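Right, one structure below, let's go through it.
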Amino acid sequence: QVQLVESGGGSVQAGGSLRLSCAVSGYTYSEICIGWFRQAPGKEREGVAAKYTGGTLTYYAASVEGRFTIVQDNAKNTMFLQMTSLKPEDTAMYYCVADPGYNCGAGWSLRSKYNYWGQGTQVTVSS
């Protein structure tokens with residue numbers, strides 16, 4: 001059973017930075033797709049970024065490309081989402097997601113690709 005524990009959310013002003021962490025346990029860390037989704041009030045949940053721990057490719061939504069970076073730490077079995085140049089429209093609940101039977105790639109931003117979800121961490125960006 002894969003377990004995901006997020007941390008690192010908070011409140012920042014526009015232009016600021018935050019780093020979200022997702023600690024992964026219960027599966028071989030080197031062979032799992034891990035991603036981040038977010039959901040703002042009144043909006044659909046959307047894929048933000050993803051990475052297969054057994055490869056080097058990373059995937060980003062167009063809205064965060066160039067500002068967010070997904071980073072893998074094998075020693076800590078943790079996936080980070082480094083967020084810079086934050087905007088008020090980045091305000092949302094952020095969820096870590098994972099699936100051991102999927103190597104990311106095509107369809108990475110589809111909710112149906114992931115069987116495991118964290119509890120979420122709130123990010124609030126003020127103007």
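What you see is a predicted model; the values in this text were computed from it and never measured.
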Roughly how far, to the nearest 0.5 Å, is [atom2] of [Y] from [atom1] of [X]?
X	Y	atom1	atom2	answer
E6	M93	CD	CE	9.0 Å
N74	T53	CG	OG1	7.5 Å
Q82	S17	CD	OG	6.0 Å
D73	C22	CG	SG	12.0 Å
S85	D90	OG	CG	9.5 Å
I70	F68	CD1	CZ	11.5 Å

So, does [X] use its side chain to make a donor-acceptor pair with the main chain of [Y] at under 3.5 Å?
X	Y	value
T124	S11	no
T78	K76	yes
K51	G55	yes

Heavy-atom pair with the smallest gap, counting every atom of [X] and [Y]:
X	Y	answer
M83	V123	CE-CG2, 3.9 Å
Y60	A49	CD2-CB, 3.7 Å
L86	L18	CD1-N, 3.8 Å
K113	A106	CE-O, 4.0 Å
P88	S126	CG-C, 4.5 Å
A50	C104	CB-SG, 4.2 Å

Hey, are the side chains of Y27 and Q1 touching, using non-hydrogen atoms and a 4.5 Å cut-off? no
Find out whether N103 and C33 are in side-chain contact, i.e. whether some heavy atom of one side chain is under 4.5 Å from a heavy atom of the other. no
Take atom CD of Q39 as the centre, draw a 6.0 Å sphere, and report whether it contains more than 12 heavy atoms from other residues, nucleotides or ligands. yes
Tell me, yes or no, whether the heavy-atom count around E44 atom CD, taken from other residues, nucleotides or ligands under 6.0 Å, exceeds 12. no
Who are the salt bridge (Lys or Arg N to Asp or Glu O under 4.0 Å) partners of D99, not counting sequence neighbours? none
Residues in salt bridge (Lys or Arg N to Asp or Glu O under 4.0 Å) with E89, at least two apart? none
Hey, quick one: are [X] and [Y] part of the same hydrophobic cluster, counting side-chain heavy atoms closer than 4.5 Å, chains of contacts allowed?
X	Y	result
L81	V97	no
Y116	W36	yes
Y94	V12	yes
V24	Y95	no
L4	L20	yes

Parallel, tilted or perpendicular: which fits the ring planes of F37 and Y114, with parallel below 30° and perpendicular above 60°? perpendicular
Assess R19 against F80: is NZ or CZ under 6.0 Å from the centre of the six-membered ring, and within 45 degrees of the ring's axis? yes
Residue pair W117, R111: steps toward the side-chain contact (heavy atoms from CB on, under 4.5 Å) verdict: CA-CA 10 Å; W117 291 70; R111 295 173 59 178; 4.0 Å; yes
Run the side-chain contact (heavy atoms from CB on, under 4.5 Å) check on Y102 and W108 step by step: do they pass? CA-CA 9 Å; Y102 174 48; W108 70 269; 3.8 Å; yes
Step by step, work out the side-chain contact (heavy atoms from CB on, under 4.5 Å) result for R45 and R38. CA-CA 6 Å; R45 198 169 291 189; R38 67 185 181 185; over 6 Å; no
